[in-house]
Amino acid sequence: MNASQAAILKQTADFVREQLAADASGHDWWHIDRVWRNARYLAREENAHLYVVELAALLHDIGDWKFHKGDTSVGPRLVGEWLRSAGVDQPTADHVCAIVAGISFKGAGVADELETLEGRVVQDADRLDALGAIGIARTFAYGGHAGRLLYDPEIPPEAHATFAAYQKSRAPSINHFYEKLLLLKDRMKTATGRRLAEERHRFLEVFLAQFFAEWNGLEEHHVTENCD
Ligand code: ADP
Ligand code: NI
């Protein structure tokens, strides 16, 4: 990485930090910072091009469709404008825009393959932050932000066959575990990502077991105690 690339990364980090500072939906600057760090680690392990990976990790949530009435074209456009204004060369800018355009999860039944190693590295780094303790915290932060219930036993999870159906969902946050989070482990695209996802995946399962144990209550236990 040369000095001009390092300066562009610094400017980009400052730009993103300013844009996402106040986000309360689980897509704040510290999400970007964690993804950036995980992406650097994955890039080294997988021998991916670090400059492209770092730019895409920093910019991946700028203009997310969830904040632009479902419009998926806003993100890549804003990112393209930023890269041009920062003086990033055209092939790198095109590569970064393609990653940002394709990174998102789009439903259980919808393909989300990225064409390049750099894309797969950034996608895996983003998805690691959807798992584990942080993934759980972000899911309920997003749920509160979007006005979702925690859980409703009368609304079963769905396997969305199209991106449109996934985008339209108003389901409770617990459903998101079955509709996305628990599926991620087997959809990690790099060996390093797959390895790191294991423990975080197990933590989701432990959390869900405890959640349902508490949800279903202690009635039987109380009855036994009262009889003693
Ligand atoms: P991606 O980067 O795959 O597009 P998102 O930005 O859609 O991921 O989501 C990031 C995180 O926000 C999810 O991992 C989850 O924690 C939370 N989230 C997104 N959609 C929902 C939802 N419908 N219900 C609860 N949490 C959600
Ligand atoms: Ni993200």
Side-chain angles (χ1 to χ4, degrees), residues 13 16-17 19-20 23-39 42 53-72 74-76 78-79 96 99-108 110-114 119-152 155-160 163-189 193 197 200-201 203-204 207-208 211:
V16 172
R17 188 172 187 142
Q19 294 275 314
L20 299 180
D23 175 276
S25 75
H27 299 80
D28 57 289
W29 161 253
W30 296 109
H31 162 62
I32 306 302
D33 192 54
R34 292 187 300 270
V35 172
W36 187 18
R37 201 152 5 102
N38 288 342
L42 291 180
V53 163
E54 290 197 57
L55 280 174
L58 283 168
L59 291 163
H60 82 273
D61 272 335
I62 291 289
D64 189 293
W65 57 267
K66 287 190 285 315
F67 312 119
H68 296 280
K69 304 192 176 80
D71 187 342
T72 51
V74 177
L78 291 176
V79 169
V96 171
I99 295 174
V100 173
I103 192 172
S104 268
F105 183 83
K106 300 175 186 69
V110 188
D112 54 12
E113 304 287 336
L114 284 167
R120 294 191 281 274
V121 159
V122 181
Q123 191 179 54
D124 278 7
D126 190 27
R127 288 175 178 192
L128 286 173
D129 211 53
L131 301 176
I134 287 178
I136 294 168
R138 293 180 66 222
T139 297
F140 292 104
Y142 182 87
H145 176 82
R148 308 292 176 82
L149 288 179
L150 295 182
Y151 176 53
D152 180 342
I155 307 178
E158 283 179 65
H160 299 110
F163 188 30
Y166 177 71
Q167 282 178 302
K168 266 213 297 277
S169 168
R170 302 282 314 143
S173 295
I174 286 287
N175 294 27
H176 196 64
F177 287 76
Y178 299 94
E179 294 172 348
K180 172 182 174 186
L181 307 184
L182 292 168
L183 310 178
L184 294 179
K185 175 173 72 75
D186 294 330
R187 293 164 73 132
M188 300 301 278
K189 307 297 191 317
R200 297 180 190 214
H201 177 90
F203 196 78
L204 298 184
F207 169 79
L208 288 168
F211 184 94

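For clarity, every value in this text was computed on a predicted model and none was experimentally measured. Atoms within each ligand, like the ligands themselves, are counted from 1 in listed order.
- The contact set between ligand 1 and A130, taken as ligand atoms under 4.0 Å from a residue heavy atom, comprises 14 (O).
- For ligand 1, the polar-atom distance check finds no N/O of Y166 at less than 3.5 Å from any of the ligand's N/O atoms.
- Residue S104 has at least one heavy-atom neighbour below 4.0 Å for each of these atoms of ligand 1: 1 (P), 3 (O), 4 (O).
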### Message
Is there a side chain to side chain contact (heavy atoms under 4.5 Å, CB included) between W30 and R17? Walk through the geometry before answering.
### Response
CA-CA 9 Å; W30 296 109; R17 188 172 187 142; 3.6 Å; yes
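- When non-hydrogen atoms are compared, ligand 1 lies under 4.0 Å from neither the backbone nor the side chain of E179.
- If you look at D126 next to ligand 1, the close heavy atoms, those under 4.0 Å, all belong to the side chain.
- With R200 contributing its side chain and L128 its backbone, the two residues share a donor-acceptor pair below 3.5 Å.
- At a cut-off of 2.8 Å, measuring from the Ni ion (ligand 2), the protein N, O or S atoms that fall short of it are H31 NE2, H60 NE2, D61 OD2, D126 OD1, waters left aside.
- Judged by distance alone, the side chain of E179 and the main-chain N or O of A171 form no donor-acceptor pair under 3.5 Å.
- Counting non-hydrogen atoms of neighbouring residues, nucleotides and ligands closer than 6.0 angstrom, the CZ atom of F140 exceeds 12 such neighbours.
- Taking only nitrogen or oxygen atoms, main chain and side chain alike, S173 does not reach within less than 3.5 Å of ligand 1.
- When heavy-atom distances to ligand 1 are checked against a 4.0 Å cut-off, L181 comes that close only through its side chain, counted from C-beta outward.
- A donor-acceptor distance shorter than 3.5 angstrom exists from the side chain of H60 to the backbone of A57, with no hydrogens or angles considered.
- Of the possible donor and acceptor atoms, none in the side chain of D126 sits under 3.5 Å from a partner among the backbone N and O of I103.
- Ligand 1 lies less than 4.0 angstrom from a heavy atom belonging to G135.
- Side-chain N or O atoms of D124 include one that pairs as donor or acceptor with a backbone N or O of K189 at under 3.5 Å.
- Within the 3.5 Å criterion, the main-chain N or O of A146 finds a donor-acceptor partner in the side chain of R170.
- Across F177, Y142, F105, heavy-atom proximity to atom 17 (C) of ligand 1 is greatest for Y142.
- Of the listed options H176, R127, H31, H176 places a heavy atom closest to atom 22 (C) of ligand 1.
- Partners of H201 under the ring-ring contact (aromatic ring centres under 6.0 Å, His included) rule, at least two apart in sequence or in another chain, do not exist in this structure.
- Judged purely by atom type and a 3.5 angstrom limit, R138 has no side-chain atom pairing as donor or acceptor with the backbone of H27.
- Of the heavy atoms in R148, only side-chain atoms (C-beta onward) come closer than 4.0 Å to ligand 1.
- Counting only distance, with no hydrogens or angles, the side chain of R187 and the backbone of A108 share a donor-acceptor pair below 3.5 Å.
- Residue contact annotation: H60 has no non-hydrogen atom under 4.0 Å from ligand 1.
- Of the options D61, L20, D23, a side chain to side chain contact (heavy atoms under 4.5 Å, CB included) to H31 is made by D61 and by none of the others.
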